[in-house]
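Note sheet for the following structure.
A note on names: the letters A, B, ... follow the listed sequences, proteins ahead of strands, and every chain is numbered from 1.
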2 protein chains.
Amino acid sequence: MNKKQRQETDTKTQEPNPLVRRFIEHAGNTTQSVGLGRVLGQLFAYLYFSPDPKNLGDMQDALGISKGSASTAVRQLEQWDAVQKVWVKGDRKDYYQATDWFGGFIRKALAETVGKKIETYGSLLDEAEHELANNGSSGDEAFIRKRVEYLRSFQMKASDAWESPLLRILLK
Amino acid sequence: MNKKQRQETDTKTQEPNPLVRRFIEHAGNTTQSVGLGRVLGQLFAYLYFSPDPKNLGDMQDALGISKGSASTAVRQLEQWDAVQKVWVKGDRKDYYQATDWFGGFIRKALAETVGKKIETYGSLLDEAEHELANNGSSGDEAFIRKRVEYLRSFQMKASDAWESPLLRILLK
DNA sequence: CGGAACGTTCAGTATGTACTGAACATAACA
DNA sequence: TGTTATGTTCAGTACATACTGAACGTTCCG
């Protein structure tokens, strides 16, 4: 028998069900449009609809992506607890399955994007306020000060809403 | 005197204050990272910190962008009510100023991104449920059905949270 | 009416970046 | 220890797309 090539093992069983295909497609578009890259979404959807754990090879076959992409993406998902590594006895490969629990995944992803942004703007406003405190209100400065003031109030509300009731409700 | 070239009128007065510069920079990065393009954020920040209305030429000079970019971006912002066209008597140019009111702007932008996504997934789930209803629970289908079920419950919660108390609180 | 002053459009290009794939690192077996 | 099976890394590229700028449409003025 020949060396094992990915395609030979049995292409048919790797092919996800057409309905699942569409979820994969959608998820890929979503993550892409948010700037996370297409494979991340595709991969999660694939695992999410797979009853049993999958290894890197399965992912390559099912999604038609490279080994490198699969490796990188799945570890990203793991960092967010969207997938878990599972041991399959008698097999050296790494197997992954999606967590049934969705909310936590979304939460971490959001925390890394939205949450960080809110913080960043907080710092920027800190500096702005500090700088404006020293100078006089010459000309436009008064106007700028007002705008910074409003931005601050907005940032605070956003920050509050961010880390208290909002997420708990949505992600429970 | 020569034909009026953009740079000649007086570059110095067009130069935004260094503090404002940083807001412009940040805003540009933000919109970029969300997939809206850099100029959109830059332009809004510029207008937001400008006491008096600006025309397309001002925007070009201040941000170093092309006329086309300025035109496109400012109209996008206008659609979202982030900026308004204002009349300056004796001048044929279009002048724009940022709305002081921030929340509405964010709301519309989000509605076009997040809101639409939630809807789209709703439709996809409709179809999935319809399709699954007809077929028997052969093998993996049972598993898929369970996952779709959970996705639906999540989608509904998200949809609820989206269009009721959440936005009102944050954007008021 | 002709021409100037603006704003808009859109084909072309430049720029960033997600993805590939071969080289490398690591672990398991014999 | 050498060899095979697997996972990771990273330079190179392929691709998407935001931006440019010239051509066009429109409005105003003389």
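Taking atom NZ on A:Lys67 and atom C1' on D:dT6, their separation rounds to 7 Å, with Å as the unit. As rounded to whole Å, 15 Å separates atom C1' of C:dT20 from atom CG of A:Leu63. For the pair A:Lys93 NZ and D:dT4 C1', the computed distance is 13 Å after rounding to whole Å. The interatomic distance linking A:Arg92 (CZ) with D:dA5 (C1') rounds to 4 Å, in whole Å. Residue B:Gln42 contributes atom CD, which lies 11 Å from atom C1' of D:dC19 at whole-angstrom precision. Atom P of nucleotide D:dA16 and atom CG of B:Leu36 are separated by 20 Å, given to the nearest angstrom. The interatomic distance linking B:Gln76 (CD) with C:dT9 (P) rounds to 13 Å, in whole Å. Distance CG (B:Asp58) to P (C:dG7): 10 Å, rounded to an integer number of Å.
Contact annotation: B:Ser66 reaches the phosphate of D:dT20 (side-chain N/O to OP1 or OP2, under 4.0 Å). Within the structure, every side-chain polar atom (N or O) of B:Arg38 is placed at least 4.0 Å from both OP1 and OP2 of D:dC19. Considering only side-chain N and O atoms, B:Ser69 lies under 4.0 angstrom from the phosphate OP1 or OP2 of D:dT20. An OP1 or OP2 oxygen of D:dG7 is reached within less than 4.0 angstrom by no side-chain nitrogen or oxygen of A:Ser71.
Here the side chain of B:Arg75 is nearest to one of C:dT8, C:dG7, D:dT20, namely C:dT8.
A salt bridge links B:Glu127 with A:Arg22: the closest approach of a Lys/Arg side-chain nitrogen to an acidic carboxylate oxygen falls below 4.0 angstrom.
Residues A:Ala45 and A:Ile24 share a closest heavy-atom pair of CB-CA, 3.7 Å.
Side-chain atoms of A:Tyr48 and A:Thr99 include no donor-acceptor pair closer than 3.5 Å.
Residue whose closest nucleotide on DNA chain C sits further toward the 5' end, between B:Tyr95 and A:Gly68: B:Tyr95. Each of A:Gln32 and A:Lys85 lies near DNA chain D, and the nucleotide nearest A:Lys85 is the one positioned closer to the 5' end.
Cluster membership for A:Tyr150 and B:Leu19, using ILVMFWY side-chain heavy atoms within less than 4.5 angstrom, is shared.
Within the model, atoms OG of A:Ser69 and CG of A:Leu40 stand 10.5 Å from one another, a figure rounded to the nearest 0.5 Å.
The residue B:Gly64 sits close only to the backbone: its heavy atoms come under 4.0 Å of sugar-phosphate atoms, none of a base.
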